[in-house]
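See structure below.
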Amino acid sequence: MIKITEKPIDIQKVIDTVSSLGAGAVNVFIGTVRNNAHGKNVLWLEYEAYESMAVSEIRKIIDEASHRWPLLGWGVSHRVGTLKPGEVSVVVAVSSPHRQQAFEACEFIIDTLKEKAPIFKKEIFEDGEEWVSARPNGVTAYN
Amino acid sequence: MIKITEKPIDIQKVIDTVSSLGAGAVNVFIGTVRNNAHGKNVLWLEYEAYESMAVSEIRKIIDEASHRWPLLGWGVSHRVGTLKPGEVSVVVAVSSPHRQQAFEACEFIIDTLKEKAPIFKKEIFEDGEEWVSARPNGVTAYN
Amino acid sequence: MKCKIKAFGISRDIVGSRELEMEVPDGFTVSDLKKELFQKYPTFIELKSLYVALNNEYANDDSILKSGDEIALIPPVSGG
Amino acid sequence: MKCKIKAFGISRDIVGSRELEMEVPDGFTVSDLKKELFQKYPTFIELKSLYVALNNEYANDDSILKSGDEIALIPPVSGG
């Protein structure tokens, strides 16, 4: 399951999609919105995705992970829209026969997703906003 | 939260106990009962724990993890009793500001729990049963 | 050849809309497109990176834009 | 000194009950206890390992059993 959604992510549902009778291990990564960045309060985040390409890039990442580790199930759900601190932005779950495989594959998937999936977030502070990682110095633009 | 329980583990509840507004990452390990071991069908598992000592050992593991990584929340729930293939035997969840910390701490906790917590499982096959890891050769005893 | 270019994230802010229309000559490459954008919207130079995707794939600089291609500007990504 | 010893997992199967009562002399160590158990229940020698816990802590071989100690046999663990 690969999903880009405006609705809150149901973590248990993502976990359910990876369950397998041959699996001894499930690893789940949950990304949540922090209430601070660069020492400033974050009011909320705006996420946007180039959805068709994001799904296609995530599928490639899953394919590579499936070649490298004996995955029995996997699920990725990424939220878009307005997210407040504490809300879940992304869930990655994988199942495998043994636990080290599950840890490694899950970390590979989230690391590579963050590098390659065309998804963009803007942090909104009290005194401005900033597209995360967009500029070299990371200063807040558009006050 | 450290819990040894005969009741099915509510994964979402364990995750809820680790949530924190300062956290950007939650990692969750879920151990599930496999339907096979040593090439044989597993009918079910029997888990038993020396509960008071298991809780105390897990607490030490959490303390060490909290020294090594900036954990914001953690929860460990381990099931005992009769478990069928597909059922959840253990859930470990941790939250931290950044994701690598969460992956490392969660893996450390489950690895060390499996080494040190006085919890014991017996696999029940069609033709016998075996206390897991008890004997060097791992053959099925008590046919 | 007329082409439509989707703009996401900060690139949408820079060009001021979700989609840009441009008239480009035959044989126009991704590199040519980026040069033209840098000229028209100098703010693009401030970005850490700017990729162009053709049909949902990251494209090389020497890829040629073809009629009917789905073209998109991909500024630095920050999902997760 | 009379002591009660909890037995878990395969050690419970070997001794045949959840709790064992033993009369031990003063100064009796964990090592002495293990020797006595190996003699009485030779199957213990087949195990990969056998630890003794005193008051919910893994104990060294030279630890001395004291009256009132909570004593437990810990065969190889297999939680998770």
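Put simply, the side chain of D:Pro75 reaches to within 4.5 Å of the side chain of B:Phe120, judged on heavy atoms. A 4.5 Å side-chain heavy-atom check between D:Asn56 and B:Tyr50 finds at least one atom pair inside the cut-off. Residues D:Ile10 and B:Arg135 meet the side-chain proximity criterion, which asks for heavy atoms closer than 4.5 Å. Contact annotation: the side chain of D:Tyr51 never approaches that of B:Lys116 to less than 4.5 Å [non-hydrogen atoms, C-beta and beyond].
Contact between B:Pro136 and D:Leu47 at its shortest, heavy atoms only, is CD-C, 4.4 Å. Minimum heavy-atom separation, D:Gly80 to B:Ser89: O-OG, 3.3 Å.
Heavy-atom contacts from other residues, nucleotides or ligands closer than 6.0 Å to CZ of B:Arg59 number 12 or fewer. Enclosure of atom NZ in D:Lys34 by more than 12 non-hydrogen atoms of other residues, nucleotides or ligands within 6.0 angstrom is indicated. Annotation for D:Gln39: atom CD does not count as buried by contact number, only 12 or fewer foreign heavy atoms lying within 6.0 Å. Around the CG atom of D:Asp26, the shell of radius 6.0 Å holds no more than 12 heavy atoms that belong to other residues, nucleotides or ligands. Counting heavy-atom neighbours within 6.0 Å of D:Glu19 CD, excluding the residue itself, gives a total above 12. Counted within 6.0 Å of NZ on B:Lys60, heavy atoms from surrounding residues, nucleotides or ligands total more than 12; the atom is thus considered enclosed.
The CD atom of D:Glu57 lies 5.0 Å from the OG atom of B:Ser56; values are rounded to the nearest 0.5 Å. Of the inter-residue distances, the one linking D:Ser78 atom OG with B:Lys122 atom NZ reads 11.5 Å to the nearest 0.5 angstrom. Separating the OH atom in D:Tyr58 from the CD atom in B:Glu57 is a distance of 5.5 Å, to the nearest 0.5 Å. A distance of 5.0 Å separates CZ in D:Arg12 from CH2 in B:Trp131, rounded to the nearest 0.5 Å. Here the straight-line distance linking atom CG of D:Asn55 with atom CE of B:Met53 works out to 10.5 Å at 0.5 Å rounding.
Distance alone, capped at 3.5 Å, places no donor-acceptor pair between the B:His78 side chain and the D:Gly79 backbone.
Remark: B:Phe108 engages B:Trp69 in a ring pair (Phe, Tyr, Trp, His ring centres under 6.0 Å) (not counting sequence neighbours).
Contact of B:Ala134 with chain D is made through backbone and side chain together, with heavy-atom distances under 4.5 Å. In this structure, no portion of B:Ala54 lies under 4.5 Å from any heavy atom of chain D.
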